[in-house]
**Student:** 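Mind looking over this structure? Questions follow.
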Amino acid sequence: MPSLPSQLAARIEAVAGVDPELRPATKPQFGHFQSNVALRLAKAEGRPPREVAADIVARLDIDDLCETPDVAGPGFINLRLRSDVLAAAVNAQLADEHAGIAQAQTPQRVVIDYSAPNAAKQMHVGHLRSTIIGDCFHRVLAAKGHTVIAQNHIGDWGRQFGMLIEQALDEGLDLDALDLAGAEELYQRANAHIKADDDFAARSRDRVVALQAGDETTGRMWDKLVGLSKNGFNQTYARMNVRLTDADYAGESIYNEMLPQVCADLEERGIAVHDQGALVVFVDGFDAPAILRNSQGGYGYDVTDVAAVRYRVDELGADRLIYVVGSEQTYHFNLIFALTRQAGYLPERVEARHVGYGMVLGPDGKKFSTREGTAVHLDDLLDEAEQHAAPQIALAAIKYADLSNALQKDYVFDPERMTATTGDTGPYLQYAHARVCQILRRAEAEGHRTGPVTVIDEPAEQELALWLTRFGEAVDEVAAELTPHKLCTYLFELATKYSVFYEKCPVLRSEGQVLSSRLGLCAATRQVLAAGLDLLGMAAPERM
RNA sequence: GCACCCAUAGCUUAAUGGAUAGAGCAUCUGACUACGGAUCAGAAGGUUGGGGGUUCGACUCCCUCUGGGUGCGCCA
C-alpha cells in the first residue's frame, strides 16, 4: 500500500494538476501535513493564493483520509489525518516485518568502501568515522532490500613492507608469535632504522622488488604480516559491533595484477599520456592529472582506485559505488570518478559517491594526536568512553555523537558529553527504549492485551502515532542522501514524543480498549526504536 | 596563489526556497512518595559571520568580503 503522504499527495495533484510538494506540518496546530501548492500556482494564475487554495480544497476528494482541510496563513493547505486512518497505519506498521521500511522496488548491488586501515598499524582515530558511517550505510541499505558489498580497502601493499620484512629478518623475529601491536612496534623500529642506515634502506628497496617479483620467502612473510593485521582489525571490529568480516577485506594488493593492464588500455586509447616521465591522465576540470605510473615505474593510489572502480563495476556488478573516506580525499575521488567515466569504466547508470566527513578533534579542538604526535589508537578512544559508561552504552554514545551531526563537520571527541544520559545522545535513546520495554514487560506479566491501536484521542497519542508512521521516510532519506543525522534526529524526536505520551497518557493505569491501544503504541515505539538504533549500529538493551 | 568544505543562542547543533529559525547542554521557575525523575511543563537566550543580488517569500540560490579547516603530479 502506498504511504499516507503519497496517497494524500496524489489526491491533491489530481485536483491541482501539479505535485503539491506535501510536507510534514511545521507545527502541530497546522495539522499533520501541509502543501504550499497554492502559493506557487497563484502567480501563474494571477489570483490571490488563498483563493486558489480555497478552490483546491473545495474540489478535493479526501474525506476518507482526512478531516476537512484548512486554508491558513498566506495560502497553505493544511491536512489532518482521521484518527482511524492513523491508527490503522500504526497497526499495519507494527505488523510489518520491516517496521515500515519500504523495500526497494529495484534492489541494487551497492559497493561500500569503508574503514580501510593500514596493515601493520593499529586502527586509529582516523578510522573511527569511516568505520561507523560505512557500517550505518551498510545497515540502512541492506534494510531497504539492497545487496550490500562491503569493501575494506586496507593498505596491504607498498614500500613499507620492504622495510618491515627486512627488519623482521634482521631481528630474527617470529612473525607467527607477533600481534598487531607488536607489528606496529616493528614498524616504528624499521622506520627509525631506515632513516639512520643507508644499507638497510637499500635492502628494504630490494625487498620490495622481491615482493613484487613473487619471491616465496618474502611473500610468505608478507602474508603473515597481513594476516596478523586482519586479526587485530577483527578484534576492534568485534568490539565496535560493525558488520565487517574477513570476506570484506579487499586490500590494495588485490588490484596489483590489474594495474599494467589498466595502464596499457588507457595508453592505447590515447587517454593516458607520458608527461615528465610519468604516465598520467589529464581530466577536464582538474588542475592536476591522475598519475597512473610514476617516473620510477611504480604504481600509486590513483591507478589502484581506477582499477578498483573497474573491478567493482565489472566483477562485483555494482549499481552504486559509495566511498566513505575523509574529506581530504575529495579531489582524488572526483578525479577518479571523472577519469573512469571518461574511460567508460564507470557507466552512467552506476552512481558513484564519495562521502567525505570531517575530522575527529582532540579536547583542544585540534587534530587528535598523542603527546608524541602520533594518531590516537581507536581502542584507546573506546577505553576512554568506557570509563564513563558500560561498553554497549559507551559504544552507542560514540556512534551517536559521530552520526548525529552533518558529516562534513569536524567534531571534538568529548566522552563526557557523548555519554550523557540526558539530551540528544545515544544513551538517552537507549533509555527511552529500555523504558518502553519495562512497561511492556509489566503489561505482559499482568496479563494485558497489547494492541491494536484503536483510540487516538489525546494530542500526545496523536503526535506519537503520526511520528511512528514517518520512520520509513526517515530511512529513505538516509538511503538516498547518505545523511545518517536525519535518522538520529528522527529517533530523538520519537523518544521525546514518547516521553510526552508517557507523561500525559497513563498506560497501565488505564483500562479496556484505551489500555490495549496505548500498549499498542508502546509496542510500535519499541519496534521503531529498536530498528532505528540497529540501523545506527547501536545496541538496544531492554534494561539499563 | 588556486580549489573544495565550514561559519546559526554562552556551548553543541537542526531546518526539501515557505507560516513566529527548531532542539539539546548550561541558567532560572514549576510538577514530585513517580507505569524507571536517566522525566515532563515553562522562562530567558538569534539582526542565521559582514555587504550586495535573485524571488511573492532566502539560514537555504548567485556575487563579494572576512575568519577557520583541508587539499593542491610522481607516499597512499
Side-chain angles (χ1 to χ4, degrees), chain A residues 21 23-27 29-30 34-36 39-40 42-43 48-49 72-76 78 116 118 153 155 157-160 252 275-282 285-302 304-305 326-332 334-335 356-359 361 365-367 401 404-406 408-412 414 417-418 420-425 427-428 430-432 434-443 446 460 477 481 485-486 488-489 492-493 496 498-510 515 518-519 522 543-544:
Chain A
E21 294 185 9
R23 304 279 184 258
T26 50
K27 289 179 198 278
Q29 63 264 35
F30 297 149
Q34 64 184 41
S35 170
N36 63 17
L39 280 82
R40 285 179 289 125
K43 203 185 175 194
F76 291 98
N78 292 338
N118 290 313
H153 194 82
W157 200 252
R159 9 179 122 158
Q160 73 270 26
E252 293 165 351
D275 190 80
Q276 298 176 31
L279 184 67
V280 306
V281 180
F282 292 98
F286 295 84
D287 293 337
I291 297 177
L292 302 181
R293 202 170 55 216
N294 65 30
S295 48
Q296 306 294 311
Y299 299 108
Y301 83 148
D302 280 335
T304 303
D305 274 320
S327 305
E328 65 275 8
Q329 299 295 342
T330 301
Y331 181 89
H332 166 69
N334 287 338
L335 177 63
Y357 51 83
M359 286 190 298
L361 306 174
K366 293 183 178 156
K367 204 166 178 174
S404 62
N405 56 20
Q408 66 271 19
K409 296 190 177 182
D410 297 343
Y411 72 88
V412 173
D414 180 350
R417 194 170 64 81
M418 295 183 317
T421 52
T422 60
D424 190 7
T425 67
Y428 173 80
Q430 292 180 308
Y431 168 71
R435 202 158 64 153
V436 191
C437 288
Q438 167 77 356
I439 211 166
L440 288 165
R441 241 187 338 256
R442 282 193 53 179
E446 292 169 21
E477 259 187 300
E481 300 165 26
H485 77 277
K486 296 199 170 169
C488 294
T489 302
F492 178 68
E493 281 285 313
T496 303
Y498 179 74
S499 288
V500 174
F501 161 80
Y502 184 90
E503 200 75 21
K504 296 276 168 58
C505 305
V507 178
L508 296 176
R509 289 199 300 266
S510 59
L515 172 59
R518 285 180 178 172
L519 283 170
C522 289
R543 301 173 199 266
M544 293 174 65

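Remember, predicted model here, so these are calculated numbers, not experimental data. Hydrogens, waters and symmetry mates play no part in the numbers below; they use all other heavy atoms, side chains included. Naming: A, B, ... by sequence-line order, numbering from 1 per chain.
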**Student:** Classify the side chain of A/Ser327 versus the base of B/C5 as yes if they form a donor-acceptor pair under 3.5 Å and no if they do not.
**Tutor:** no
**Student:** Using the C1' atom as the reference point in each nucleotide, state the distance between B/G10 and B/A19 in Å, no decimals.
**Tutor:** 29 Å
**Student:** Taking the minimum atom-to-atom distance to the side chain of A/Met544, which one of B/C40, B/C35, B/A38 wins?
**Tutor:** B/A38
**Student:** For A/His332, give me all partners under ring-ring contact (aromatic ring centres under 6.0 Å, His included), at least two apart in sequence or on another chain.
**Tutor:** A/Tyr301
**Student:** Would you classify A/Asp424 as touching base, sugar-phosphate or nothing, given that sugar-phosphate means primed atoms plus P, OP1 and OP2, and contacts are heavy atoms under 4.0 Å?
**Tutor:** sugar-phosphate
**Student:** Less than 3.5 Å between a donor and an acceptor, one on the side chain of A/Gln34 and one on the base of B/A19, is that the case here?
**Tutor:** yes
**Student:** One pair to check against side chain to side chain contact (heavy atoms under 4.5 Å, CB included): A/Arg518 and A/Cys505. What are the steps and the verdict?
**Tutor:** CA-CA 8 Å; A/Arg518 285 180 178 172; A/Cys505 305; 3.5 Å; yes
**Student:** Hey, is A/Tyr502 doing a stacking thing with B/C35, by the 5.5 Å centroid and 30° angle criteria?
**Tutor:** yes
**Student:** Given B/G73, B/A41, B/U16, which nucleotide is nearest the side-chain atoms of A/Val500?
**Tutor:** B/A41
**Student:** Please give the distance between the C1' atoms of B/G17 and B/U55 as a whole number of Å.
**Tutor:** 9 Å
**Student:** What distance, rounded to whole Å, do you find between the two P atoms, one in B/A44 and one in B/C5?
**Tutor:** 38 Å
**Student:** Counting any heavy atom closer than 4.0 Å, what does A/Tyr498 reach on the DNA or RNA strands: base, sugar-phosphate only, or nothing?
**Tutor:** nothing
**Student:** Taking the P atom in each of B/G1 and B/A26, what is the distance between them to the nearest angstrom?
**Tutor:** 44 Å
**Student:** What nucleic acid atoms does A/Cys522 come within less than 4.0 Å of, heavy atoms only: base, sugar-phosphate, or nothing?
**Tutor:** nothing
**Student:** Counting side-chain heavy atoms from CB outward, which of B/A38, B/C74, B/A14 is closest to A/Asn405?
**Tutor:** B/A14
**Student:** Just by protein heavy atoms under 4.0 Å, how would nucleotides 27-34 of chain B read 5' to 3' in B, S and -?
**Tutor:** --------
**Student:** When all nucleic acid strands are considered with a 4.0 Å heavy-atom cut-off, which category describes A/Gln438: base, sugar-phosphate, or nothing?
**Tutor:** base
**Student:** When the C1' atoms of B/C11 and B/A34 are considered, how many whole Å apart are they?
**Tutor:** 32 Å
**Student:** If you take atom types as modelled and just measure distance, does the side chain of A/Asp305 reach the base of B/A76 with a donor-acceptor pair under 3.5 Å?
**Tutor:** no
**Student:** For A/Arg543, what residues pass the side-chain contact (heavy atoms from CB on, under 4.5 Å) criterion, not counting sequence neighbours?
**Tutor:** A/Gln438, A/Arg441
**Student:** Within the 4.0 Å heavy-atom criterion, would you say A/Glu477 contacts the bases, only the backbone, or no part of the nucleic acid?
**Tutor:** nothing
**Student:** Ignoring hydrogens and geometry beyond distance, is the side chain of A/Tyr301 in donor-acceptor contact with the base of B/A76 at under 3.5 Å?
**Tutor:** yes
**Student:** Identify the pairs formed between an N or O of the protein and an N or O of nucleotides 56-62 of chain B at a distance under 3.5 Å, and give each distance.
**Tutor:**
residue, atom, partner, partner atom, Å
B/C56, OP1, A/Lys43, NZ, 2.3

**Student:** Determine the Euclidean distance between corresponding C1' atoms of B/A76 and B/G68; express it in Å to zero decimal places.
**Tutor:** 27 Å
**Student:** Go through B/C74, B/C25, B/U16 for me and flag the one nearest to the A/Pro24 side chain.
**Tutor:** B/U16
**Student:** B/U12 and B/G18: how far apart are their C1' atoms, nearest whole angstrom?
**Tutor:** 27 Å
**Student:** Check if the side chain of A/Arg23 and the base of B/U16 share a donor-acceptor pair of N or O atoms closer than 3.5 Å.
**Tutor:** yes
**Student:** Within the structure shown, what part of the strands sits under 4.0 Å from A/Thr489 by heavy-atom distance: base, sugar-phosphate, or nothing?
**Tutor:** nothing
**Student:** With rounding to whole Å, what would you report as the distance between B/C56 and B/C25 at their P atoms?
**Tutor:** 42 Å
**Student:** Using heavy atoms to find the nearest nucleotide of RNA chain B for A/Arg417 and A/Ala72 separately, return the residue whose nucleotide is more 5′.
**Tutor:** A/Arg417
**Student:** From the list B/U16, B/G73, B/A19, which nucleotide is the closest neighbour of the side chain of A/Phe30?
**Tutor:** B/A19
**Student:** Taking ring-ring contact (aromatic ring centres under 6.0 Å, His included) as the definition, give me every residue that meets it alongside A/Tyr331, ordered by chain and number, with sequence neighbours left out.
**Tutor:** A/Phe286
**Student:** Categorize A/His485 for me: base, sugar-phosphate, or nothing, with a 4.0 angstrom heavy-atom threshold over every strand shown.
**Tutor:** sugar-phosphate
**Student:** With pairs taken as Watson-Crick or G-U wobble and both distances under 3.5 angstrom, which stems of at least three consecutive pairs involve RNA chain B?
**Tutor:** B:1-7 with B:66-72, B:10-13 with B:22-25, B:27-31 with B:39-43, B:49-53 with B:61-65
**Student:** Please tell me whether A/Thr425 and A/Arg417 have a donor and an acceptor in their side chains that are separated by less than 3.5 angstrom.
**Tutor:** no
**Student:** Would A/Phe76 count as stacked on B/G18 if the rule is ring centres under 5.5 Å and plane angle under 30°?
**Tutor:** no
**Student:** How would you label the contact of A/Ala290 with the nucleic acid (heavy atoms, under 4.0 Å): base, sugar-phosphate, or nothing?
**Tutor:** nothing
**Student:** Assess the residue pair A/Ile439 and A/Tyr502 against the criterion (side chain to side chain contact (heavy atoms under 4.5 Å, CB included)); give the C-alpha distance rounded to whole Å, side-chain angles, the decisive distance to 0.1 Å, and a yes or no.
**Tutor:** CA-CA 10 Å; A/Ile439 211 166; A/Tyr502 184 90; 3.9 Å; yes
**Student:** Can the ring centroids of A/Tyr431 and A/Tyr428 be said to lie less than 6.0 angstrom from one another?
**Tutor:** no
